[in-house]
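Notes follow once the structure below has been shown.
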Number of protein chains: 2
Amino acid sequence: MKPTLQDVANAVGVSRSTVSNAYSRPDQLSTALRAKILDTAQRLGYPGPNPTARSLRRGFVGAIGVLFTSQLSYAFTDPFAVRFLAGVSEAVEQHGTSLLLVPLPAEHSRVRAAVENAAVDGFCVYCVGDEDWVLSAIRDRGLPYVTTASRADAGPTDRYVGIDERAAARSVAEHVAALGHRRVALLGDAVLPDAPPGPLRLADPSEAPHPTTRGRLTGFADAFAATGVPWPAITVLNASSNSRAAGAAAVATVLAGDHPPTAVLACSDVLALGVLDALAEIGSRLAHPVSVTGFDDIAEAATAGLTTVCQPAEEKGRLAAALLLAPPADPAAGHVLLPTEPVIRTSTRPVTRS
Amino acid sequence: MKPTLQDVANAVGVSRSTVSNAYSRPDQLSTALRAKILDTAQRLGYPGPNPTARSLRRGFVGAIGVLFTSQLSYAFTDPFAVRFLAGVSEAVEQHGTSLLLVPLPAEHSRVRAAVENAAVDGFCVYCVGDEDWVLSAIRDRGLPYVTTASRADAGPTDRYVGIDERAAARSVAEHVAALGHRRVALLGDAVLPDAPPGPLRLADPSEAPHPTTRGRLTGFADAFAATGVPWPAITVLNASSNSRAAGAAAVATVLAGDHPPTAVLACSDVLALGVLDALAEIGSRLAHPVSVTGFDDIAEAATAGLTTVCQPAEEKGRLAAALLLAPPADPAAGHVLLPTEPVIRTSTRPVTRS
DNA sequence: ATACAGTTCTGAATCGATCCAGAAGGGGTG
DNA sequence: CACCCCTTCTGGATCGATTCAGAACTGTAT
């Protein structure tokens, strides 16, 4: 077995405390003794104070956890999530702590265990929608946490960094509406849980359970309502997941139908790119061009010429981590809404009369 | 303060052990008592067994660490690294452990501390070149580790999952050579430490300190040597970092020079894309088209039409994690070389006589 | 020589659990 | 009733460090 503090202490002929001090409080002993201790520690192959034991005694770990609603491995395939993580890691790095990525099992019951078993000082919760049990598990654990979306039930001590989803969505939608589009479709992932891909009946955007999706759909609806397009006249499309393929699949039947929309507004760039894929697939078989918008402004959006709304992904992560690592004195500062901006590119054009 | 095991035990009127068993060994007590315990635990607001204390006693943590040579925040901007991480996370997720991303400070001395302080059961070392002190820090800690490149000094018990860098590089280079290219440049990042961006004198590819870069440069050289292009006739370009911008910057002066190469072979797709950027920048001011190749086959390579060599990034991560989580009985199985394949796209064309 | 302040080091308590040998209790068998 | 087994529960040792009050020593001023 690897030697412990005690072994080193014995070898040098001092007390455990002194060896401990040699590592974590150099000012508490003479430099000569310290050198001697470090030396024999090296000689014995002592690996340094055991991090776990140290954490236990000190009462903190030196790591924060990032919780993903979806699979961890999925998170890495989502460009926006990756950028968010980059921001988190930047803040964390600067603070000298580490990042624990906690995979949340699919089963409800085991989620709790995952949260309970994570050795961290706090949690950064990426995009938790109605998965309240995750938050309640965290709260029960008594650890601080930051979410990436404002929550209706957010108390004054809750911290989050998000955007005004509704206003942001409205901004692109207004652009689309201004271009004359009236027959439009909105595309989101998991608009309703367990709904099949494709068109969906939704009495009202407020019925979407996931707050982010709900906010964006509502924002889209706002803009069109203002130009005289009532909610029932708008097609809502459901994607089975937030991926390019799912986006393409969700829009396929509608594009192949009799009256395809002249514009598709997606709740994410990834989905929007899927729509572009689908359009490229069917080529010019359509009577009119279809405008497409996304959301997030990931790198691929620029190269694809996708009109979208830009939100500061890295900044979101950076701030979330910062809020967690150094809680602001003023609790009001714990609620951050980041600015967003519509980015007009070539994927949106004025509607052409068919 | 949050209650502890003891508090719950007191409240129920049983021993600490029994409460512990209620959580981690349900078969050791009657279901009735267990229910009662869990119930009052809930009532008291007991957050469940403290992960740190549990780890200390049990002797393992339930997390593996991923070490990046570069900044953590950089890792997330590198598509290949992200895909690698996706693979790691997949394996880790399946195994029910978590992933600790450990930022390595820039200073030598603090790297050791970072490794020593990480509460993990093992390390996955992403792309460590000659940064041997990282490995020695891990070894001193006595933890198992897996590297992502074969190492000259790899003992039989060392585990790694890599590719045959040299052969892989040779395969694309042979394609380029077969197209008739003789005036070529090789582009790598940090070919020599602290070298400025741009052309570089390198007596021999074996002089590159970083094993990955060395392997690839050597493979490139192999192919050209076979067609009669000696090493000194090949231009070596140094990029200041592995990024698109750095790639563009590194190649700029050479492209602007009198005898620009007809082909540039980069050590990574990211660098190659930078070269394409640089070429797009100067437009048709060049007398002849320039072929470009990359390495890794990241997603952008496909859309950019970049000829490259494909290596299974996710698989690399998955295997590395698997090797760490479940050491193979046969130590020989701990050395994995994954297959690679040249992918010919439109960025390479036959040389045109000028 | 005495007092006092600093510096250097020690010892015991502590963090919050897990583990294991064994005690207590219940039930069945000969 | 004695014996044994089985299930259920307990107590104390243990994981490997940190912490803090105080002991021992050193040196200086009185």
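So you know, we letter chains A, B, ... as the sequences are listed, proteins then strands, and number each from 1.
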Does a nitrogen or oxygen in the side chain of A/S20 sit under 4.0 Å from OP1 or OP2 of D/dT18? yes
Does D/dC9 have OP1 or OP2 sitting under 4.0 Å from an N or O in the side chain of B/S30?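 So the side-chain polar atoms of B/S30 do come within 4.0 Å of the phosphate oxygens OP1 or OP2 of D/dC9, strictly under.
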Whole-Å gap separating [atom2] ([N]) and [atom1] ([X]):
{"X": "B/N50", "N": "D/dC15", "atom1": "CG", "atom2": "P", "answer": "18 Å"}
{"X": "A/L33", "N": "C/dT7", "atom1": "CG", "atom2": "P", "answer": "17 Å"}
{"X": "B/Q6", "N": "D/dG11", "atom1": "CD", "atom2": "P", "answer": "10 Å"}
{"X": "A/K2", "N": "D/dG16", "atom1": "NZ", "atom2": "P", "answer": "13 Å"}
{"X": "B/R141", "N": "D/dA17", "atom1": "CZ", "atom2": "C1'", "answer": "13 Å"}
{"X": "A/R57", "N": "C/dA17", "atom1": "CZ", "atom2": "P", "answer": "15 Å"}
{"X": "A/N117", "N": "C/dG16", "atom1": "CG", "atom2": "C1'", "answer": "14 Å"}
{"X": "B/L5", "N": "D/dG11", "atom1": "CG", "atom2": "P", "answer": "15 Å"}

Considering all heavy atoms, the nearest A/P51-B/E116 contact: CG-O, 3.1 Å
How far apart are the closest heavy atoms of A/R318 and A/A91, and which atoms are they?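 Reported closest heavy-atom pair: O-CB, 3.6 Å.
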Student check: side-chain heavy atoms of A/V115 and A/V102 closer than 4.5 Å: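 No, their side chains stay 4.5 Å or more apart.
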Do A/L29 and A/V14 have side-chain heavy atoms sitting under 4.5 Å apart?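 Side chain of A/L29 against side chain of A/V14, heavy atoms only: no contact under 4.5 Å found.
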Hey, does [X] reach any base, or is it just sugar-phosphate, or nothing, if we go heavy atoms under 4.0 Å?
{"X": "A/R25", "answer": "sugar-phosphate"}
{"X": "A/Y46", "answer": "sugar-phosphate"}
{"X": "A/T18", "answer": "base"}
{"X": "B/L29", "answer": "sugar-phosphate"}
{"X": "A/S24", "answer": "sugar-phosphate"}

Looking only at side chains, do A/T18 and A/S15 share a donor and an acceptor under 3.5 Å apart?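 A/T18 vs A/S15: donor-acceptor pair found between side chains.
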Angle class for the A/Y23/A/Y46 ring planes (parallel below 30°, perpendicular above 60°, tilted otherwise)?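 Rings of A/Y23 and A/Y46: perpendicular, over 60°.
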Regarding C/dT18, can its base be found pairing with the side chain of B/R58 as donor and acceptor, where the two atoms are less than 3.5 Å apart? no
Can you find a donor-acceptor N/O pair under 3.5 angstrom joining the side chain of A/S17 to the base of D/dT19? yes
Hey, which sits more toward the 5' end of DNA chain D by its nearest nucleotide, A/T4 or B/Q28?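 In this pair, the answer is B/Q28.
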Comparing nearest nucleotides in DNA chain C, the 5'-proximal residue of the pair A/A53, B/R54 is A/A53
Side chain of B/P49 - closest among D/dT10, D/dT19, C/dT18: C/dT18
Per A/R16 side chain, nearest of listed nucleotides D/dA17, D/dT10, C/dT10: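 Out of D/dA17, D/dT10, C/dT10, the nucleotide with an atom closest to A/R16's side chain is D/dA17.
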